[in-house]
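A quick write-up on the structure given underneath.
Just so it is clear, the values below take in all heavy atoms, side chains as well, and ignore hydrogens, waters and symmetry mates. Along the sequence shown, residues are numbered consecutively beginning with 1.
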Amino acid sequence: MATPLSPTSNFFFFIFTATLLYIACTIPRPEEKETKQTNIVFYVHDYFTGNDASAVTVAGISGPTSSILHFGTIAVVDDTVTEGPTIESKEIGRAQGVYVNSHLDGKALYMAFSVIFTDGEFKGSTLEIQGSDVFSMKQREFGVVSGTGYFRFVKGYGIMETPFLDIANFNAVIKLNVTVKHY
């Protein structure tokens, strides 16, 4: 009969433990099998002026009348999201959140906003966008940090471009090409 400290019982314990570790590391986890990747392209119509104004500065060095192009200015947005680059394209949602001009020379925004899908394939779902927008660059990358509905447990990134910019009136159309992984 083997004693607890005998080589036979230690060898059995080692083999048993190694087998359990092997099984734990090689069995696929359910969430690994169910992960999906989705790519979406949509357009955000960001208008600070005009009849379709959907963004407004709320604070800054000159108070609410501060320009979004000045460091420290905060703007709140409720922008139209469409399938195509024109405002006449099918509306599929809203982009709601804040921009903060976070660059000392005024050339970049910190953005945090929700894309709320109100129509189409992802109706009732949201994506949470966060990151820096150095708007003088042709393409900017940002993070997708959360989501709901179809995009529950999402993680991902996006590439942002500006196909239309009217700097004099502070109006822009921003193309977002988003790639996310989710369940």
Side-chain angles (χ1 to χ4, degrees), residues 35-50 52-87 89 91-118 122 125-182:
T35 302
K36 299 179 252 182
Q37 181 169 310
T38 301
N39 181 261
I40 314 167
V41 175
F42 52 87
Y43 296 81
V44 176
H45 300 265
D46 195 29
Y47 302 146
F48 278 85
T49 62
D52 296 328
S54 58
V56 63
T57 56
V58 293
I61 198 161
S62 301
T65 60
S66 295
S67 168
I68 193 61
L69 299 178
H70 295 134
F71 176 71
T73 301
I74 300 170
V76 177
V77 300
D78 183 8
D79 296 336
T80 302
V81 175
T82 61
E83 288 182 336
T86 66
I87 196 67
S89 300
E91 183 175 330
I92 57 171
R94 305 294 296 181
Q96 299 172 336
V98 296
Y99 300 150
V100 178
N101 193 310
S102 56
H103 207 268
L104 284 173
D105 67 5
K107 294 182 181 175
L109 304 174
Y110 170 77
M111 56 185 188
F113 62 90
S114 301
V115 177
I116 302 158
F117 292 96
T118 57
F122 308 115
S125 301
T126 66
L127 288 173
E128 302 301 318
I129 307 290
Q130 183 176 334
S132 178
D133 178 8
V134 181
F135 46 83
S136 61
M137 296 174 59
K138 180 177 166 75
Q139 292 187 329
R140 293 90 69 195
E141 192 167 330
F142 58 87
V144 179
V145 297
S146 183
T148 63
Y150 183 82
F151 299 111
R152 194 170 291 133
F153 295 113
V154 74
K155 62 181 174 179
Y157 72 98
I159 303 293
M160 180 186 305
E161 296 180 49
T162 308
F164 171 78
L165 178 62
D166 176 2
I167 202 75
N169 293 306
F170 303 112
N171 294 330
V173 175
I174 302 155
K175 176 183 177 183
L176 281 74
N177 186 341
V178 176
T179 302
V180 293
K181 291 190 176 187
H182 54 99

Problem - Passing option when Thr162 is tested against Lys175, Met137, Lys138, Arg140 for side chain to side chain contact (heavy atoms under 4.5 Å, CB included) - result: Arg140
What I'd like to find out is whether the side chain of [X] reaches to under 4.5 Å of the side chain of [Y], using heavy atoms alone.
X: Tyr43; Y: Thr86; value: no
X: Val144; Y: Ile129; value: yes
X: Val180; Y: Tyr150; value: no
X: Phe48; Y: Asn169; value: no
X: Thr38; Y: Phe122; value: yes

To the nearest 0.5 Å, how far apart are [atom1] in [X] and [atom2] in [Y]?
X: Asp105; Y: Leu69; atom1: CG; atom2: CG; result: 10.5 Å
X: Phe42; Y: Glu83; atom1: CZ; atom2: CD; result: 11.5 Å
X: Asp79; Y: Arg94; atom1: CG; atom2: CZ; result: 7.0 Å
X: Ser125; Y: Ile116; atom1: OG; atom2: CD1; result: 11.5 Å
X: Lys181; Y: Gln37; atom1: NZ; atom2: CD; result: 5.5 Å
X: Ser102; Y: Met111; atom1: OG; atom2: CE; result: 10.5 Å

Exercise for the section: Check step by step if side-chain contact (heavy atoms from CB on, under 4.5 Å) holds for Ile40 and Phe151. Expected result: CA-CA 12 Å; Ile40 314 167; Phe151 299 111; 3.4 Å; yes
Problem - CA sep, side-chain torsions, deciding dist, call: Tyr110, Gln130, side-chain contact (heavy atoms from CB on, under 4.5 Å) - result: CA-CA 8 Å; Tyr110 170 77; Gln130 183 176 334; 3.0 Å; yes
Minimum-distance pair of heavy atoms, taken over all atoms of [X] and [Y]:
X: Val154; Y: Gly147; answer: CG1-N, 3.3 Å
X: Gln139; Y: Glu161; answer: NE2-OE2, 3.1 Å
X: Gly106; Y: Phe135; answer: O-CZ, 3.3 Å
X: Val44; Y: Ala95; answer: CG1-CB, 4.1 Å

Quick check on [X]: does its [atom1] atom have over 12 non-hydrogen neighbours (other residues, nucleotides or ligands) under 6.0 Å away?
X: Phe164; atom1: CZ; answer: yes
X: Lys107; atom1: NZ; answer: no
X: Phe71; atom1: CZ; answer: yes

Practice task
Apply side-chain contact (heavy atoms from CB on, under 4.5 Å) to the pair Asp133 and Tyr99, showing each step before the final yes or no.
Solution key: CA-CA 9 Å; Asp133 178 8; Tyr99 300 150; over 6 Å; no
Checking [X] side chain against [Y] main chain: does a donor-acceptor pair fall under 3.5 Å?
X: Asn39; Y: Asn177; result: no
X: Thr73; Y: Ser67; result: yes
X: Thr57; Y: Pro64; result: yes

Problem - Asn101/His70 under side-chain contact (heavy atoms from CB on, under 4.5 Å): CA gap, chis, key distance, verdict - result: CA-CA 6 Å; Asn101 193 310; His70 295 134; 5.7 Å; no
Problem - Option from Thr82, Asp52, Thr80 for which side chain to side chain donor-acceptor pair (under 3.5 Å) with His45 holds - result: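 So, applying the side chain to side chain donor-acceptor pair (under 3.5 Å) to His45 and each of Thr82, Asp52, Thr80, only Thr82 qualifies.
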Handout entry: Between Ser54 and Asp78: side-chain donor-acceptor atoms closer than 3.5 Å
Key =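 No, no side-chain donor-acceptor pair sits under 3.5 Å.
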